[in-house]
Amino acid sequence: MARNKYDIDETLEAGFDFGQLKRLAKYVGPYKKDMIKAIVIMLVSSALSMLTPRFFMTIMDDYIPNKNITGIVFLSLLTMVIAIFICVSLKVKIILTNRVGQNVIHALRRDLFVHLQELPFSYYDDRPHGKIQVRVVNYVNNLSDLLSNGIVNTITDLCSLLFIIVFMLTINVKLALVCMCGIPILAVLIWTVKKKQRRAWQIESNKQSNLNAYIAESLNGIRVTQSFVREETNQNIFNQLSSDYKSAWMNAVRYNMMLSPIVDTISVLTTSMIYVLGINWMLGGEGNITAGVLIAFTGYISRFWNPITTLASFYNSLLTSISYLERIFETIDEPVTVKDREDAVDMPPIQGEVEFKEVDFAYDDGIKRLDKVSFKVKKGESYAIVGPTGAGKTTIINLLSRFYNISSGEITIDGIDINGVTIRSLRKQMGVMLQDSFIFSGSIMDNIRYGNREASDEEVIVAAKTVCAHDFIMEMEQGYDTQVNERGSRLSQGQRQLISFARALLANPKILILDEATSSIDTETEMMLQEGLLKLLKGRTSFIIAHRLSTIKNADCILYIDQGQIKEMGNHDELMEKKGEYYNLYLSQYSFLAS
Ligand SMILES: Nc1ncnc2c1ncn2[C@@H]1O[C@H](COP(=O)(O)OP(=O)(O)OP(=O)(O)O)[C@@H](O)[C@H]1O
């Protein structure tokens with residue numbers, strides 16, 4: 001449970017290995033053609049750009065002494081044409097690589113989202129949503145530079161470097177070696193800071209994640225915050241998290257910043273050495289060095305350090321991206337613990353007989369929350385589950401929908417073990433109304449239709465009428481087309497419950513599960529609703545959890561749960577006669593209402 005907090009850094013279970021880069025390469029695979037085009041264009045322009053210092057050498061050493069004006073004009077024009085070609089190819093490369101980058105980002109984000117949709121409740125129990133969100137949005141975005149420019153630039157820069165080295169070696173080996181003597185120094189420096197730099201970017205991603213988690217949590221809880229006048233405390237927590245993020249970013253970027261001045265210094269030093277040694281060697285008549293050779297070399301040396309600078313910055317962005325990639329792939333690799341067995345078959349049309357056989361269950365914290373729970377519901381019966389807060393009522397119905405895996409025992413529907421059927425075929429035949437009546441942004445019609453996308457408008461309206469939601473919906477400015485916000489902030493809690501109720505009904509389920517479906521609904525509406533509900537429940541198996549016992553008096557059987565165990569079982573009259581826990585609970589509610 002340690003992860004489930006904004007002030008706890010996430011730990012990375014799987015370390016980075018180059019296999020992850022290979023995995024990223026797979027995403028680039030479908031856009032190979034665009035990548036190849038971009039690389040070829042860049043290689044051609046890079047090879048052409050190598051010619052210009054050579055042209056200047058020819059002009060200096062050959063055409064000027066021989067007054068070859070035509071040659072000078074021709075080479076100057078050629079240089080101009082090459083410059084225009086380079087300009088155009090750069091533009092084409094940007095278009096191609098951006099297209100590849102954005103497509104890859106889209107594919108990565110899609111895979112992440114698809115996987116997140118499949119991950120079980122237990123994954124979300126253990127993490128703040130902000131920490132998940134930051135992976136899908138920010139971390140994936142941060143790969144954009146690596147994907148759109150990094151890959152093509154690296155390949156073309158490596159080739160340019162090779163071209164330059166070859167060109168320099170063909171002109172003068174001694175000067176070429178002087179030029180390259182800075183590379184080993186740079187390699188040692190990069191190697192020395194590599195580990196610290198990677199760690200620094202991992203810490204940065206943790207802090208970003210914490211900050212995001214807190215922002216998401218604060219926005220979700222803004223009403224409670226303002227009611228309890230917690231704004232100042234929250235600001236302090238936010239400031240601390242934001243300042244942690246700032247420091248982590250500054251620390252990480254410090255390593256990135258180090259590289260560029262080092263490359264510049266080495267570049268300036270080697271250029272000076274070329275001049276000093278080159279002029280000395282030229283004056284001493286050593287190694288066939290002419291003024292033209294020196295001019296060509298100064299042209300090459302600036303081109304020589306250019307790709308090294310871009311490679312160094314690519315290396316920086318690679319290390320940054322790696323820390324994000326680790327998180328992205330960690331999420332994609334997160335095992336779907338609640339999934340179809342290999343031999344799973346579709347659940348046949350449900351008749352409605354449900355049986356729990358000695359079911360034990362513990363959440364991820366390992367504490368047993370259900371202990372040998374056994375009961376059998378006949379087709380079409382309605383079962384109520386009551387008991388104190390935290391007794392395990394919701395847990396029972398969560399297991400019936402297979403939101404979690406049971407620890408031991410068996411749950412069967414019509415005698416079929418629900419572990420052996422596909423989750424989709426099982427859940428499609430159930431109508432579940434969870435405690436959290438979540439409303440999505442969109443129209444009221446869409447929100448009800450969430451339970452059955454094929455339902456016609458008329459069917460939506462019938463469901464709304466059955467749960468007594470039709471009147472209040474019609475009173476809204478655009479009736480069923482009224483737009484509501486995420487979480488339904490413009491609806492009352494009771495109205496939200498009625499909409500969720502209608503949604504559960506619309507699925508036309510064989511098994512209906514209602515968890516505190518009417519807790520926020522006024523007694524008058526509830527009584528009206530009971531009538532519709534009675535008709536509706538006919539022939540369907542239903543599970544109703546309610547604290548308000550008046551709601552469940554008519555249930556065929558009532559399970560009284562406490563501390564994960566069934567303490568009493570029977571209909572209302574039987575349990576009242578028994579004068580046990582249910583009796584006490586009923587009397588306490590009755591006397592509370594009477595008083
Ligand atoms: N995701 C979870 N991870 C760990 N423990 C959990 C989780 N959800 C519930 N619990 C614990 O399991 C126990 C049973 O919870 P459950 O939600 O089933 O209670 P309940 O009877 O439905 O309570 P209420 O009437 O308040 O809704 C509680 O002690 C609760 O703290």
Side-chain angles (χ1 to χ4, degrees), residues 117 346-352 354 379-382 397 400-401 413-414 422-488 490-522 524-544 551:
Q117 298 279 301
D346 276 354
M347 181 81 200
I350 290 179
Q351 301 302 311
V354 175
K379 174 187 167 191
E381 279 186 335
S382 73
I397 57 147
L400 183 58
S401 301
I413 295 179
D414 301 333
T422 57
I423 294 173
R424 200 180 154 77
S425 67
L426 175 72
R427 291 190 190 151
K428 274 203 101 164
Q429 300 188 60
M430 291 196 178
V432 186
M433 183 183 161
L434 299 172
Q435 252 172 357
D436 175 17
S437 323
F438 196 91
I439 300 293
F440 297 91
S441 56
S443 68
I444 292 190
M445 182 71 87
D446 293 341
N447 262 288
I448 300 179
R449 198 176 272 136
Y450 208 86
N452 176 7
R453 280 175 55 195
E454 276 94 51
S456 65
D457 287 3
E458 289 67 36
E459 285 168 319
V460 170
I461 295 169
V462 169
K465 279 186 176 161
T466 314
V467 302
C468 307
H470 180 73
D471 289 349
F472 92 80
I473 296 174
M474 289 314 286
E475 275 166 25
M476 298 183 87
E477 67 275 10
Q478 284 170 298
Y480 284 86
D481 293 327
T482 309
Q483 297 292 315
V484 287
N485 308 331
E486 177 196 315
R487 297 203 154 268
R490 55 168 302 186
L491 298 169
S492 76
Q493 185 66 31
Q495 289 169 336
R496 270 179 250 170
Q497 282 195 342
L498 291 179
I499 289 180
S500 317
F501 208 152
R503 184 193 287 162
L505 292 188
L506 197 63
N508 191 18
K510 301 290 173 0
I511 296 177
L512 187 67
I513 295 172
L514 306 172
D515 191 352
E516 288 294 349
T518 54
S519 60
S520 303
I521 294 163
D522 66 83
E524 200 184 328
T525 315
E526 197 189 342
M527 275 162 65
M528 278 156 53
L529 198 142
Q530 290 292 336
E531 274 176 44
L533 202 60
L534 274 179
K535 269 192 249 152
L536 197 106
L537 292 184
K538 228 173 173 207
R540 294 176 213 265
T541 305
S542 58
F543 292 86
I544 303 164
T551 329

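Positions are given from 1, in the same order as the sequence printed here.
Of the possible polar contacts, one joining the Arg427 side chain to the Ser401 backbone as a donor-acceptor pair under 3.5 Å is found. Gln497 places a side-chain N or O within 3.5 Å of a backbone atom of Glu516 that can act as its donor or acceptor partner. At least one donor-acceptor pair under 3.5 Å links the side chain of Thr541 to the backbone N or O of Gly380.
Applying the side-chain contact (heavy atoms from CB on, under 4.5 Å) test between Phe543 and each of Val354, Asp515, Val432 identifies Val354 as the sole match.
Considering every non-hydrogen atom in both Ile448 and Ala502, the closest pair reads CG2-CB, 3.8 Å. Nearest heavy atoms, Leu491 versus Arg496: O-NH2, 3.0 Å. Taking both residues in full, the closest heavy atoms of Ala455 and Leu506 are given as CB-CD2, 3.6 Å, listed atom of the first, atom of the second, then distance. Minimum interatomic distance between Tyr480 and Ala464 (heavy atoms only, all atoms of both residues): OH-CB, 3.2 Å. Thr466 and Val462 get closest at one heavy-atom pair: OG1-O, 2.6 Å.
Under the ring-ring contact (aromatic ring centres under 6.0 Å, His included) criterion, Tyr450 pairs with Phe440, sequence neighbours left out. Checked against side chain to side chain donor-acceptor pair (under 3.5 Å), Glu459 has the following partners two or more places apart in sequence or in another chain: Ser456. Listed by chain and number, the residues in a side chain to side chain donor-acceptor pair (under 3.5 Å) with Asp481 amount to none (sequence neighbours excluded). Evaluation of the salt bridge (charged side-chain N to carboxylate O under 4.0 Å, His left out) rule for Asp446 yields no partner, not counting sequence neighbours. Legend: residues meeting side chain to side chain donor-acceptor pair (under 3.5 Å) with Thr482, ordered by chain and number and at least two apart, are absent. Considering only residues two or more places apart in sequence or on other chains, Glu454 meets the side chain to side chain donor-acceptor pair (under 3.5 Å) condition with none of them.
Side-chain contact between His470 and Ile461: present, with at least one pair of heavy atoms (C-beta onward) separated by less than 4.5 Å. Put simply, the side chain of Leu426 does not reach to within 4.5 Å of the side chain of Thr422, judged on heavy atoms. By the 4.5 Å heavy-atom criterion applied to side chains, Asn508 and Asn452 are not counted as neighbours. In this structure, the side chains of Ser441 and Asn485 stay at 4.5 Å or more apart for every pair of heavy atoms. For the pair Arg503/Ile439, a side-chain contact is recorded, criterion being any heavy-atom separation below 4.5 Å from C-beta on. Residues Met347 and Gln429 are in side-chain contact: their nearest non-hydrogen atoms beyond the backbone lie under 4.5 Å apart. Between Leu498 and Phe472 the shortest side-chain heavy-atom distance falls below 4.5 Å. Considering only heavy atoms from C-beta on, Arg449 comes within 4.5 Å of Asp457 through its side chain.
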